[in-house]
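Naming convention: chains lettered A, B, ... in sequence-line order (proteins, then strands); numbering from 1 in each chain. Just so it is clear, the structure is predicted and the values come from calculations on it, not from any experiment. Both backbone and side-chain heavy atoms feed into the values below; hydrogens, waters and symmetry mates do not.
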Protein chains: 4
Amino acid sequence: MFINIDLQSDDPIYTQLKNQIIASIARNEMRPGDGLPSVRRLAADLGINLHTVNKAYQQLKQQGFILIHRQKGVVINPEGIPAADEQYRESLERVLSPLVAESFCKGITEKEFTTLCQKLFGQLTNEGGWR
Amino acid sequence: MFINIDLQSDDPIYTQLKNQIIASIARNEMRPGDGLPSVRRLAADLGINLHTVNKAYQQLKQQGFILIHRQKGVVINPEGIPAADEQYRESLERVLSPLVAESFCKGITEKEFTTLCQKLFGQLTNEGGWR
Amino acid sequence: MFINIDLQSDDPIYTQLKNQIIASIARNEMRPGDGLPSVRRLAADLGINLHTVNKAYQQLKQQGFILIHRQKGVVINPEGIPAADEQYRESLERVLSPLVAESFCKGITEKEFTTLCQKLFGQLTNEGGWR
Amino acid sequence: MFINIDLQSDDPIYTQLKNQIIASIARNEMRPGDGLPSVRRLAADLGINLHTVNKAYQQLKQQGFILIHRQKGVVINPEGIPAADEQYRESLERVLSPLVAESFCKGITEKEFTTLCQKLFGQLTNEGGWR
DNA sequence: GTGGTCTAGACCACA
DNA sequence: GTGGTCTAGACCACG
């Protein structure tokens with residue numbers, strides 16, 4: 001797993017971390033049951049604060065991406081990632097909606113937009129995502 | 001134009017305001033050349049501070065959605081909204097990428113995702129968006 | 001004399017007006033002794049406020065570019081424009097200084113900068129400026 | 001870095017601040033990677049409001065002079081200042097044009113004008129500007 | 001302790 | 001009356 005943190009980004013570090021771990025799972029680089037570095041370890045490796053890593057882990061745990069055992073450490077949820085529920089679909093639509101509106105205003109067609117989405121999906125499945 | 005501000009939302013007020021104005025333009029409820037309320041007026045109507053409205057307006061101006069006209073006040077850019085450049089497309093991809101990865105992990109298929117996008121686009125064009 | 005006002009500009013209207021009148025004089029389109037439209041006339045022609053035209057005229061008068069007679073109307077100073085004094089040279093340096101610093105930071109060389117200045121001067125003298 | 005704010009000046013405080021920081025960079029007093037005081041610190045030192053400092057910083061950030069680094073705080077862009085693009089050159093010409101016209105009217109020759117520019121450039125390079 | 005956001009209230013330049 | 005600038009003081013997210 002390669003994590004790349006951009007300290008100049010407007011995205012908070014814990015968000016970048018969370019997103020990159022999710023991306024690793026989606027790309028099948030990390031599989032259910034695989035272990036992740038401990039909070040301390042990852043913080044040291046990335047040169048960032050303990051609390052920052054912890055916050056990312058807590059959110060991933062809360063969404064069911066990972067499990068945190070006091071002894072076994074941190075692992076990708078061995079039972080796989082919980083499927084999206086209705087609530088998630090609604091939040092996805094709420095996030096997507098302003099992106100679509102802005103893109104539309106700027107002349108990006110539905111076709112171009114969906115093609116971009118397909119490209120991004122393709123980058124996952126071509127590399128053998130686990131679903 | 002109906003603006004609805006959710007003071008409890010995690011999104012900052014000025015972002016909500018910006019997004020809703022963009023949405024109004026996309027839905028063709030507001031057309032190039034149309035006027036917007038003055039900073040003070042809108043702030044009073046929404047019961048928020050004028051600086052908050054101003055911040056939204058400044059960002060919309062900077063992106064070319066609106067112009068601050070010395071006599072007519074604030075208007076939707078009469079020449080239309082500037083088309084997306086390469087930089088915008090890249091930023092769009094950067095924003096979309098984690099959404100796609102997370103959705104993918106949660107079992108949302110490419111088909112379902114693009115269908116959602118199409119639905120959102122449809123809500124704009126069905127109502128006669130200006131592009 | 002062609003005056004072009006951009007109501008969307010960040011420059012105040014009276015400044016644009018003042019600058020364009022000065023440019024007309026520099027390009028020798030208007031000569032010492034020539035008349036300018038009355039405040040009312042020019043305001044009507046440009047579709048702007050009386051006070052705005054008046055403010056531009058007052059500043060031009062104060063700098064010695066024009067004379068305002070109650071009867072003869074507004075004329076370009078028949079004795080020519082007063083030469084720059086030391087105070088003007090200082091203010092010019094104060095204005096130029098940040099432009100030079102910013103340009104320098106952005107990689108614009110002294111040569112490119114002075115070439116640009118020469119070009120702008122050339123646009124005046126080629127057309128037969130009065131000096 | 002010495003910052004001198006003139007509260008009586010017509011220039012807004014944030015503009016003076018911005019210009020002086022740019023001048024410091026141009027004079028090579030501050031180099032890429034160097035840190036700047038935090039918004040609060042600088043505001044306290046200068047006896048002005050933190051929002052005013054923040055506005056200057058935001059504009060410098062937007063022009064690529066500085067980065068807001070999550071750990072190091074505010075730093076001069078370590079990759080150097082972005083080079084001028086065509087748009088900047090046009091805006092420079094728009095700003096310079098009325099200065100040239102006015103100077104010309106007041107009898108300042110092309111030679112004197114360019115000599116002044118060279119002097120201002122010289123003040124930067126003599127002290128070892130970074131370009 | 002940092003920057004980001006929001007509020008309240010003030011003065012000024014512009015039109 | 002408009003937007004632009006500035007101040008003072010507050011809370012929150014981030015690290």
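- Note: CD (C:Gln59) to P (E:dA13) measures 12 Å, nearest angstrom.
- OP1 or OP2 of E:dT7 sits under 4.0 Å from a side-chain N or O of B:Thr52.
- Within 4.0 Å of B:Leu50, counting heavy atoms only, lies no atom of the nucleic acid at all.
- More than 12 heavy atoms of other residues, nucleotides or ligands shown are found within 6.0 angstrom of CD on A:Glu90.
- Here B:Lys55 does not reach the OP1 or OP2 of E:dC6: none of its side-chain N or O atoms lies under 4.0 Å away.
- Distances shorter than 4.0 Å separate some side-chain N or O of B:Ser38 from OP1 or OP2 on F:dT2.
- The residue among D:His51 and C:Thr15 whose nearest nucleotide of DNA chain E is located toward the 5' end is D:His51.
- If you check every strand for non-hydrogen atoms under 4.0 Å, B:Tyr14 touches sugar and phosphate atoms only.
- Of the candidates E:dA15, F:dG3, E:dT5, the closest approach to any side-chain atom of B:Arg40 belongs to F:dG3.
- To the nearest 0.5 Å, atom OH of residue A:Tyr57 and atom OG of residue A:Ser38 are 7.0 Å apart.
- Annotation: the span from D:Leu36 atom CG to D:Lys72 atom NZ amounts to 13.0 Å, rounded to 0.5 Å.
- Look at A:Asp10 and D:Lys61 and you find a salt bridge, because one of the NZ, NE, NH1 or NH2 atoms lies within 4.0 Å of a carboxylate O, short of that distance.
- C:Asp85 and C:Arg89 are not joined by a salt bridge, as no carboxylate oxygen comes within less than 4.0 angstrom of a charged side-chain nitrogen.
- Going from atom CG of A:Asp11 over to atom P of F:dA13 covers 17 Å, rounded to whole Å.
- Set against E:dT7, E:dG3, F:dC6, the side chain of B:Ile48 has E:dT7 as its closest nucleotide.
- Considering only side-chain N and O atoms, D:Gln71 lies nowhere under 4.0 angstrom from the phosphate OP1 or OP2 of F:dC14.
- The phosphate of E:dG4 has OP1 or OP2 within less than 4.0 Å of a side-chain N or O from D:Gln58.
- For C:Ser24 (side chain) and C:Gln20 (main-chain N/O), a donor-acceptor pair under 3.5 Å exists by modelled atom type.
- Considering only the side chain of A:Asn49, F:dG15 comes nearest among F:dG3, F:dG15, E:dT7.
- Out of F:dC14, E:dG4, E:dA15, the shortest distance to the side chain of D:Asn54 is found at E:dG4.
- At whole-Å resolution of the value, CG in C:Asp10 and P in E:dA13 are 18 Å apart.
- Rounded to an integer number of Å, the gap from CG of B:Leu46 to P of E:dC6 is 13 Å.
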Under 3.5 Å for both distances, Watson-Crick or G-U wobble, that's the pair rule; now give the dot-bracket for DNA chain E, with | marking pairs to another strand and [ ] for crossing ones. ||||||||||||||.
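- Atom CD in B:Gln16 sits roughly 12 Å away from atom C1' in E:dT5 (whole-Å rounding).
- Interatomic distance, D:His51 NE2 to D:Tyr14 OH, rounded to the nearest 0.5 Å: 15.0 Å.
- For B:Gln8 and E:dC6, the CD to P distance is 13 Å, given to the nearest whole Å.
- For the pair B:Tyr57 OH and F:dG3 C1', the interatomic distance rounds to 12 Å; values are reported in whole Å.
- Of the two residues contacting DNA chain F, namely A:Ile13 and B:Arg41, the nearest-nucleotide position lying further toward the 5' end is that of B:Arg41.
- Of all heavy-atom pairs spanning B:Tyr88 and B:Ser91, the tightest one is O-OG, 2.9 Å.
- Listed nucleotides: F:dT7, F:dG15, E:dA15. Nearest to the side chain of A:Pro12: F:dG15.
- Atom P of nucleotide E:dC14 and atom CG of C:Leu7 are separated by 15 Å, given to the nearest angstrom.
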